[in-house]
Number of protein chains: 2
Amino acid sequence: MSSTNPGATGTTGRPPSDGSTRDRIRDAAVLRFARSGFGASVRTIAADAGVSPALVIHHFGSKEALHRACDDFVLRWIVGSKRQNMGRATGGQLLQVMAEVDEYAPLLGYAVQSLQAGGEVARAFVQHMIDDAQVYTREAVADGIVKPSVDEDARVRYLTLSALGTLLLTLTLDPPEDPEDFAAGIRTFTTEHYLPMIELFTQGFLTSRRMLDDYLLYLSDPPAGTRDATTDGDVAADTTAAPDPETTSEER
Amino acid sequence: MSSTNPGATGTTGRPPSDGSTRDRIRDAAVLRFARSGFGASVRTIAADAGVSPALVIHHFGSKEALHRACDDFVLRWIVGSKRQNMGRATGGQLLQVMAEVDEYAPLLGYAVQSLQAGGEVARAFVQHMIDDAQVYTREAVADGIVKPSVDEDARVRYLTLSALGTLLLTLTLDPPEDPEDFAAGIRTFTTEHYLPMIELFTQGFLTSRRMLDDYLLYLSDPPAGTRDATTDGDVAADTTAAPDPETTSEER
DNA sequence: GGACGGGCTGAACGCGCGTTTAGTCTATTG
DNA sequence: CAATAGACTAAACGCGCGTTCAGCCCGTCC
């Protein structure tokens, strides 16, 4: 407990050998986690950083704490990068741009590994992408480029989760030869899905409005019970209740 | 090597104590893998099946071989269930139906775990869903319910990967309290995304056809080189070449 | 100059893993 | 009835893991 207090050593009053080794270990861990997932061993990370495994524990207390430190670091990067990222999060093109920049690639890899493992970083990463997309979508709607939605928040959330989920699944199903080369993976993803995506975005999928209208009618006048547990309070905005749609989805 | 020859004992000529124990182990393994992922230990599986860990190895040779046997079993189920499944794979409603049936739930869980791990079962599972969706989409287009696409194969592939990927990411980000209850997870997924999905499917997202037309023009008259490696031979049908779309995507 | 304390290491500990080994039990076979 | 073969187990092996321990090195403080 007392050893995990970085900087501010009290008696000595200043950083004795600056925090460089600790940082080097954390950087190596981020890189290794991004490359090999969170199953990577402390020994491997120590070897990457050129130190002994014991030192890793000495500085961070445990592997779990190291993981948390990496999460914090990447999270801080995500928040920081928000300031200088210029738009277009919808189609995953923001990711494309990021993956091309070698400096960002490992951090992106870390985020992807987190998405597969499903930790706090994953949720935060997704939430930030949703927030960004919300801004850009709002602008695009105001500019008349994008059609308005019955529930803007739900739409932007769905579109973001859809884009990220599709990317994730594509990467999992046929991983690129070099797992580090996320640029290649995202490029493949883009070339494969760009056409059907803009086609869907342009003309939709269904020929009639019936299914949508039926469901909207159903929402405004729910038939009876079927009350479900809502997962989170911070997501649904307009939909007062969205029970099992099976009853209205009488397609074909 | 010689011990890994199941059935057909030659001299004895018939199943001595029928294959029930072996099957029981395999069933326990499928269940445990579905519940806890493929990191589950042989000891746990053995305990679930009520046998010693050594017997698991005795019957299957290794954990990896057991994993393969489970894959085979689930794969055979997927192929078999194809015969009696009636449609609507697009929105994941097929999954919804399946998850409600308790008998299918563990096998669905196994498939989801495979999707996260990305093995052969995952690819097969996705491919079967794509094949099914292809049939139903073709019918729906013929019936005038669904708009035709420039590239039907690419569209159905994208839509399937998108639906599954979104589901997978949703499940990863906030996993249901009881990880076995896939019905609950899929229900949550449906209620959360049904509205934005049919809205997108009904009216699209963009107000103008410009992006799509630009890209189609670009496809028919590619500017220069930028030749990429195609991932698989059995997927792309109409798109002769789909290079980096960055040049045409000059939105905003 | 001696005490001190943090950075750092090599060696070891305990644990859970997949797997092996040696052997028991049981039921079939000649 | 003796031989045989396969189902099955208890115990142990070897390995890699996260972590601990004892101690070295070296710069700082009284």
Side-chain angles (χ1 to χ4, degrees), chain A residues 1-29 32-33 35-71 117, chain B residues 1-30 32-33 35-71 117 119:
Chain A
M1 260 231 196
S2 61
S3 68
T4 58
N5 184 10
T9 34
T11 336
T12 48
R14 60 181 180 81
S17 68
D18 90 352
S20 73
T21 302
R22 206 189 120 104
D23 287 359
R24 220 174 62 239
I25 294 175
R26 187 210 49 210
D27 291 348
R32 180 48 57 183
F33 283 149
R35 266 193 257 263
S36 318
F38 298 107
S41 74
V42 171
R43 282 170 168 85
T44 311
I45 294 168
D48 288 352
V51 299
S52 70
L55 189 62
V56 176
I57 302 297
H58 172 72
H59 276 305
F60 292 91
S62 71
K63 185 190 176 178
E64 197 194 323
L66 171 62
H67 186 157
R68 275 198 301 270
C70 291
D71 276 8
Chain B
M1 264 220 198
S2 60
S3 68
T4 58
N5 185 7
T9 34
T11 336
T12 49
R14 61 179 179 84
S17 68
D18 92 349
S20 72
T21 302
R22 205 188 119 105
D23 287 0
R24 219 174 63 240
I25 294 174
R26 187 211 49 211
D27 291 348
V30 169
R32 181 80 299 150
F33 283 150
R35 265 193 257 261
S36 319
F38 298 107
S41 75
V42 170
R43 280 170 169 85
T44 311
I45 294 168
D48 287 351
V51 299
S52 71
L55 189 62
V56 176
I57 301 298
H58 171 71
H59 276 306
F60 293 91
S62 73
K63 184 189 178 179
E64 197 195 323
L66 171 62
H67 187 156
R68 275 197 302 269
C70 293
D71 276 8

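Numbers restart at 1 for each chain; the letters A, B, ... are given by sequence-line order, proteins then strands.
- Here A65(B) pairs with S62(B), R68(B) under the side chain to side chain contact (heavy atoms under 4.5 Å, CB included) rule; sequence neighbours left out.
- Distances shorter than 4.0 Å separate none of the side-chain N or O atoms of H58(A) from OP1 or OP2 on dG6(C).
- Of all the heavy atoms in L55(B) and T21(B), the pair that sits closest is CD2-CG2, 4.0 Å.
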Using atom names, set out every protein N or O paired with an N or O of nucleotides 16-18 of chain D below 3.5 Å, distance rounded to 0.1 Å.
from	atom 1	to	atom 2	distance (Å)
dG18(D)	OP1	V42(A)	N	3.4
dG18(D)	OP1	K63(A)	NZ	3.0
dG18(D)	OP2	V42(A)	N	2.9
dG18(D)	N7	R43(A)	NH1	2.6
dG18(D)	O6	R43(A)	NH2	2.9

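- As rounded to whole Å, 16 Å separates atom C1' of dT19(D) from atom NE2 of H59(A).
- The nucleotide whose nearest atom lies closest to any side-chain atom of A54(B) is, among dA10(D), dC8(C), dT9(C), dA10(D).
- Applying the side chain to side chain contact (heavy atoms under 4.5 Å, CB included) rule to A54(B) yields the partners S52(B); only residues at least two apart in sequence or on another chain are considered.
- Note: CD1 (I25(A)) to C1' (dT9(C)) measures 12 Å, nearest angstrom.
- Distance CZ (F60(A)) to C1' (dT20(D)): 18 Å, rounded to an integer number of Å.
- To the nearest angstrom, P of dC8(D) lies 11 Å from CG of D23(B).
- Remark: D71(B) pairs with no residue by the salt bridge (charged side-chain N to carboxylate O under 4.0 Å, His left out) rule, at least two apart or across chains.
- Residue pairs meeting the salt bridge (Lys or Arg N to Asp or Glu O under 4.0 Å) criterion with at least one member in residues 52-62 of chain B, sequence neighbours excluded, do not occur.
- The side chain to side chain contact (heavy atoms under 4.5 Å, CB included) test applied to A69(A) returns F60(A), not counting sequence neighbours.
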